[in-house]
Amino acid sequence: MLLAGRGHQVTVLERDPAEPLSTGPQSWESWERPGVSQFRLPHVMMPRGLALLEAVLPEVVAELETAGARRHNMIAGAWGAPAVGGRLPGDERYETIAARRPVLEFALATVVARTAGVTIRRGDGITRLVPGSERLSGVPHVAGVETRDGEVLHADLVVNASGRNSQFARMFAELGPIRDTEERAEAGFVYYARHYRDSGNGLPEATHWPLIHQETVTAGTLPGDNGTWSLFLVASSRDQDLRALREVDAWDRAIELFPEYAHWARHGEPLTGVQVMSAGQTRRRDLVADGLPVVTGLLAVGDAWATTNTTFGLGLSMSLVQGALLRDAIDTVDVVDHVKLGLAFAESLETTAAPYYRALADWDTHRLAEIDSVLKGERYETADPAWLVIRALDAAGVRTPADRDERVPCRSVQRRAALSSRLGPRQTSAAGRRSRSSCRRKR
């Protein structure tokens, strides 16, 4: 839509064939999107994403609100915390809009259907990148794509927006030698989520913070559209015992150990069982290396460029920002000046989006190492000042006035011990005993 607004003719090849349903809630119920593995898992649009939509595609925001999306401030719950002291000038920058992923895509699809210059071809995935004459010696050039039925579509520019499961790396190999620029950070998180809806009691009281990171488990909640919300637990894929969280009974017992969120589970009617997703690796594939494109005629946005830890919900907003960066790059550089365009877009990604990727890749490395240490009954040690500050802020965020009494046990260790005992007898481990001893020593 952003490119069509500049007069470009855009064809979108969507591999999933099904059209969205007639309303947002119906799309949640019945729209099948097998190409998006996380389609019905919890999603959040960060405030930056809403601000961008309101600036460049306000009709999408209007369609979202018509479909039942709900505006809210992401830090509204914290205004009740004594240390925060209520709402402050400037807090409006944390305002966003809550919508489940199918409802968001419904709104986008509804608006794009009436946007001149955009053609959507559903069920039309691609099998091959069409090579063209080189724009830079020794660097492959993409001149178009071939669809599943063998149709060849030529284009001035191909944009890879095919997500975290993109098959373009395989297609690159068919073009000839292309320098591999992919970098991967350590991965290994599993998400256990449930959706709920208002059962007539209204929305639950907002929590102080949308995320709480305990010793081996992260818990969080997200509001949704039409009186819905979601709760999720995140664990390491190496934590064998916590795989029991895929069972509804175990998950329900576990969420009760988080009083910050338990009322959200008790307050509503479950819409789903436990939805389980193993997160892919935090990964980045640049199309520029050492100051030169590794391929021309092709750019990548969203998860096709870089994926980050979905716990923090940056993916949707980062993708929207990258769409605007692509529009701006094409405004500045002629779309057929492929070398210059590739360099300009890569520079904008590096300055605007890459810092978030690096920060979350570092977080993943530290967090998994921290969980591994806890499971061994050890304390995680690092000299990285950024991680020490992050964990200090996490600890301060869950403190209550009662915690100032040193006779109160460490709540995170208590919670891990209770979680262990509730999920099964195998959890009476030496690691748990050593963690409790460590807690007493630290007091």
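Arg367 and Glu370 are joined by a salt bridge, as a carboxylate oxygen and a charged side-chain nitrogen come within less than 4.0 angstrom of each other. Contact check on Glu182 versus Arg184 returns a salt bridge, with a Lys/Arg side-chain nitrogen under 4.0 Å from an Asp/Glu carboxylate oxygen. For Arg121 and Glu19, the salt-bridge test fails: no basic side-chain N is under 4.0 Å from an acidic carboxylate O.
Taking the ring axis of Phe39 as reference, the NZ or CZ atom of Arg33 stays within 45° of it and closer than 6.0 Å to the ring centre.
If you take OG on Ser237 and OH on Tyr191, they are separated by 10.5 Å, rounding to the nearest 0.5 Å. Atom CD of Gln240 sits about 10.0 Å away from atom CG of Leu375, to the nearest 0.5 Å. The line from CG of Leu21 to CD of Glu32 is 9.5 Å long, rounded to the nearest 0.5 Å. From Leu52, atom CG reaches atom OG of Ser319 across 11.0 Å, with rounding to the nearest 0.5 Å. Rounding to the nearest 0.5 Å places CE of Met74 at 11.0 Å from OH of Tyr94. The CD atom of Glu105 lies 11.0 Å from the OG1 atom of Thr110; values are rounded to the nearest 0.5 Å.
Defined by atom type and a distance below 3.5 Å, a donor-acceptor pair is missing between the side-chain atoms of Tyr357 and Thr307. Under 3.5 Å, the side chains of Thr282 and Asn309 contain no donor-acceptor pair of N or O atoms. Under the 3.5 Å distance criterion, with hydrogens and angles disregarded, a donor-acceptor pair is assigned to the side chains of Asn160 and Ser166. If you check the side chains of Asp286 and Trp305, you find a donor sitting under 3.5 Å from an acceptor. For Asn226 and Thr228, the side-chain atoms include no donor-acceptor pair closer than 3.5 Å. Side-chain N/O atoms of His195 and Thr272 include no donor and acceptor closer than 3.5 Å.
Of all the heavy atoms in Leu343 and Gly291, the pair that sits closest is CD2-O, 3.4 Å. The minimum heavy-atom distance between Leu222 and Pro42, with the atom names listed, is CD1-CB, 3.9 Å. Here the shortest heavy-atom pairing between Thr221 and Thr207 reads CG2-OG1, 3.8 Å. Residues Leu287 and Leu299 share a closest heavy-atom pair of CD1-CA, 3.9 Å. Across all their heavy atoms, Ser236 and Leu368 have their closest contact at OG-CD2, 4.0 Å. Smallest separation of non-hydrogen atoms from Leu242 and Tyr192: O-OH, 3.7 Å.
Of the possible polar contacts, none joining the Arg179 side chain to the Val295 backbone as a donor-acceptor pair under 3.5 Å is found. Within the 3.5 Å criterion, the main-chain N or O of Ala300 finds no donor-acceptor partner in the side chain of Arg285. Formation of a donor-acceptor pair under 3.5 Å by the Arg100 side chain with backbone atoms of Gly24 is not found in this model. Distance alone, capped at 3.5 Å, places no donor-acceptor pair between the Thr115 side chain and the Val118 backbone. With hydrogens and angles disregarded, no donor-acceptor distance shorter than 3.5 Å links the side chain of Asp198 to the backbone of Leu203. Between the side chain of Ser317 and the main chain of Leu314, no donor-acceptor pair closer than 3.5 Å is present. Counting only distance, with no hydrogens or angles, the side chain of Ser30 and the backbone of Ser27 share no donor-acceptor pair below 3.5 Å. Although no hydrogens or angles enter the test, the distance criterion places no donor-acceptor pair under 3.5 Å between the side chain of Asp225 and the main chain of Ala98. Looking only at distances, no side-chain donor or acceptor of Glu14 sits under 3.5 Å from a matching main-chain atom of Val12. No side-chain donor-acceptor contact under 3.5 Å links Trp251 to the backbone of Gly273.
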Inset, instruction - Given ring pair (Phe, Tyr, Trp, His ring centres under 6.0 Å), test Phe106 with Trp28 step by step and report yes or no. - result: CA-CA 9 Å; Phe106 165 82; Trp28 160 262; over 10 Å; no
Inset, instruction - Please report the C-alpha distance between Met171 and Ile126 in whole Å, then the side-chain angles of each, then the deciding distance to 0.1 Å, and finally whether the side-chain contact (heavy atoms from CB on, under 4.5 Å) criterion is met. - result: CA-CA 10 Å; Met171 299 180 200; Ile126 73 168; 3.8 Å; yes
Inset, instruction - Please step through side-chain contact (heavy atoms from CB on, under 4.5 Å) for the pair Gln214 and Phe258, ending with a clear verdict. - result: CA-CA 10 Å; Gln214 293 294 345; Phe258 291 85; 3.8 Å; yes
Inset, instruction - Step by step, work out the salt bridge (Lys or Arg N to Asp or Glu O under 4.0 Å) result for Arg71 and Glu54. - result: CA-CA 13 Å; Arg71 288 180 178 267; Glu54 289 185 318; 2.7 Å; yes
Inset, instruction - Step by step, work out the salt bridge (Lys or Arg N to Asp or Glu O under 4.0 Å) result for Arg15 and Asp124. - result: CA-CA 5 Å; Arg15 59 192 167 198; Asp124 237 350; over 6 Å; no
Inset, instruction - Tell me, with the steps shown, if Trp79 and Asn73 meet side-chain hydrogen bond (donor to acceptor under 3.5 Å, both in side chains). - result: CA-CA 10 Å; Trp79 294 334; Asn73 193 297; 5.2 Å; no
Inset, instruction - Take Leu298 and Phe168 through the test side-chain contact (heavy atoms from CB on, under 4.5 Å) and record every step on the way to the result. - result: CA-CA 10 Å; Leu298 173 74; Phe168 272 55; 3.7 Å; yes
Inset, instruction - Using the side-chain contact (heavy atoms from CB on, under 4.5 Å) rule, take Arg194 and Ile255 through it: C-alpha gap first, then chi angles, then the decisive distance, then the call. - result: CA-CA 11 Å; Arg194 297 193 75 185; Ile255 205 67; over 6 Å; no
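Shown here is Glu350, whose CD atom has more than 12 heavy atoms of other residues, nucleotides or ligands within 6.0 Å. Within 6.0 Å of CZ in Arg70 there are more than 12 heavy atoms belonging to other residues, nucleotides or ligands.
Residues Glu260 and Ile212 have side chains in contact (heavy-atom distance under 4.5 Å, counting atoms from C-beta outward). At least one side-chain heavy atom of Leu153 sits under 4.5 Å from a side-chain heavy atom of Glu151. Between Tyr380 and Asp372 the shortest side-chain heavy-atom distance does not fall below 4.5 Å. For the pair Leu175 and Val142, the minimum side-chain heavy-atom distance is below 4.5 Å. Side-chain contact between Leu393 and Val389: present, with at least one pair of heavy atoms (C-beta onward) separated by less than 4.5 Å. Side-chain contact between Leu108 and Met1 is present, with heavy atoms from C-beta onward closer than 4.5 Å. For the pair Arg253 and Asp249, the minimum side-chain heavy-atom distance is below 4.5 Å. At a threshold of 4.5 Å between non-hydrogen side-chain atoms, the residues Leu349 and Thr352 do not count as touching.
If you run side chain to side chain contact (heavy atoms under 4.5 Å, CB included) between Val145 and each of Leu129, Thr127, Val152, only Leu129 comes through.
Relative ring orientation between Trp363 and His213 is described as tilted, the plane-to-plane angle lying within the 30° to 60° band. Ring geometry, Trp229 versus His267: the interplanar angle falls from 30° to 60°, so the pair is classed tilted.
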